[in-house]
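Written below as structure tokens is the structure these notes are about.
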Amino acid sequence: MQLPFLSLEPQHAPLRAELTAAFTRVHDSYWYVLGEEVRQFELEYAAWNQVPYAVGLANGLDALVLALRALNVGPGDEVIVPSNTYIATWLAVTQVGATLVPVEPDPATSNLDPAAVAAAITPRTRAIIPVHLYGQACCMPAIMALAAQYGLYVVEDNAQAHGAAFDGQLTGSFGHLNATSFYPGKNLGALGDAGALTTASEALARRVQVLRNYGSAQKYHNEEIGYNSRLDELQAALLRVKLPHLATWTVQRQQLAAWYHQHLSGIDGLRLPQTASGATHVYHLYVVHHSRRGALQQHLAAQGIGTLVHYPVPPYRQPAYQGLQLPASGFPIAEELAATCLSLPLWPGMTEEQVAAVAAAIRAFRA
Ligand SMILES: *Cc1c(COP(=O)(O)O)cnc(C)c1O
């Protein structure tokens with residue numbers, strides 16, 4: 001058996017004619033940056049995410065950076081982030097000159113724990129960045145209540161969770177400005193780099209439109225120190241082809257996860273993903289935990305089954321962050337999760353037979 005960790009072929013091959021038609025349309029427009037395709041995609045994505053505004057950007061990291069800039073978060077401000085997130089969440093805080101305050105997740109869901117957030121709030125706290133890790137919505141009502149109580153901004157990192165919800169409300173619609181990524185492997189992926197911010201605030205949407213375009217609303221008039229972080233016309237046109245299929249792909253991901261749950265139940269030493277009450281999970285990743293993760297991963301690789309680890313080295317242990325002197329002993333939950341997590345193959349187009357084969361291989365693993 002050969003089962004890759006991820007294949008985009010089942011998503012893209014049936015859309016090949018439509019994707020190439022979109023490319024041709026952009027080619028023939030002779031207008032490649034900030035035109036009709038980006039404008040239309042922003043309207044369509046905002047409608048899909050049930051928010052008034054979406055602003056297309058170059059990638060997800062820039063979306064986080066521009067969100068913090070638009071909210072005037074900078075030097076002297078503390079920003080609460082998960083200890084166990086992808087490094088992009090941390091990089092954004094560092095890039096605006098603010099101070100990282102990492103907090104431990106709920107070990108059951110790997111998502112931000114509102115009680116840990118509350119305990120980390122100080123008079124210098126300005127913002128919280130909840131990350132809907134692996135595709136599961138964080139407990140946003142509790143996080144928004146804390147933000148309201150202490151006058152803080154919330155910037156959701158929605159890069160992995162397009163279409164997830166908490167108590168029926170979509171992720172990307174809770175915070176003041178919410179970042180997402182359309183990196184090719186994400187649940188909604190471009191054919192290159194792309195990202196966006198979503199917001200209910202017209203003023204914040206406008207500020208981000210200025211920041212992404214050299215700090216300029218009017219050509220050759222620069223109001224502030226901006227960036228070049230525009231979603232380009234080609235990626236916008238390709239995303240417009242894919243967006244109408246996102247809901248179907250999400251249902252497929254959830255079906256695959258249900259099959260995994262079924263076929264993997266009752267295996268000694270294997271912990272399956274758990275969804276918190278009130279949350280939905282769109283399974284960007286299907287992450288299991290095993291105390292002998294490395295050996296299990298090798299066992300699966302030997303049978304042609306691709307897996308990955310998200311993430312093997314938490315941000316506080318990256319060489320880039322050694323200057324912060326955050327000892328690993330301060331983050332026992334993140335340490336444990338990083339040492340035991342394993343992401344199994346899950347992508348639209350996979351079959352129940354393939355899920356069953358992965359499960360059988362895991363069942364045959366003798367630690
Ligand atoms: C992918 C990702 C990002 C960054 O997105 P890019 O488009 O790759 O810059 C940020 N946060 C999380 C949680 C991600 O998974």
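When a ligand or atom number is given, it counts from 1 through the structure's own listing order. All residue numbers refer to positions in the sequence shown, counting from 1. Quick caveat: nothing in here was measured; it's all calculated off a predicted structure.
Protein heavy atom at the shortest distance from atom 3 (C) of ligand 1 is Lys186 NZ, 3.7 Å. If you check which protein heavy atom lies closest to atom 10 (C) of ligand 1, you get Ala88 CB, 3.4 Å. Looking only at protein heavy atoms, the nearest one to atom 15 (O) of ligand 1 is Gln160 NE2, 2.8 Å.
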* Asked: Does the pair Arg271 and Glu336 meet the rule for a salt bridge (Lys or Arg N to Asp or Glu O under 4.0 Å), with working shown?
  -> CA-CA 13 Å; Arg271 184 160 75 74; Glu336 165 76 11; over 6 Å; no
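Residue Tyr86 places no N or O, backbone or side chain, under 3.5 Å from any N or O of ligand 1. Any N or O atom pair closer than 3.5 Å counts here, and Leu64 shares no such pair with ligand 1. Residue-to-ligand polar distances place Gly60 within reach of ligand 1: an N/O pair is separated by less than 3.5 Å.
Close approach of ligand 1 to Leu61 is summarised as follows: ligand atoms under 4.0 Å from at least one heavy atom of the residue are 4 (C), 5 (O), 6 (P), 9 (O). Under a 4.0 Å criterion applied to the non-hydrogen atoms of Val131, ligand 1 contributes the atoms 13 (C).
Residues Glu223 and Arg206 are paired through a salt bridge, judged by an N-O separation under 4.0 Å between the basic side chain and the carboxylate. Using a 4.0 Å cut-off between charged nitrogen and carboxylate oxygen, Arg39 and Glu36 count as a salt-bridge pair. A salt bridge does not link Glu78 with Arg126: none of the charged nitrogens is closer than 4.0 Å to a carboxylate oxygen.
Applying the salt bridge (charged side-chain N to carboxylate O under 4.0 Å, His left out) test to Asp193 and every residue at least two apart in sequence or in another chain returns nothing.
Screening Phe331, Trp90, Tyr316 against Tyr321 for a ring-ring contact (aromatic ring centres under 6.0 Å, His included) leaves a single residue, Trp90.
Only the side chain of Asp157 comes within contact range of ligand 1, with a heavy atom under 4.0 Å; no backbone atom does.
Remark: the His132 side chain and the Gln136 side chain contain no N/O donor-acceptor pair separated by less than 3.5 Å.
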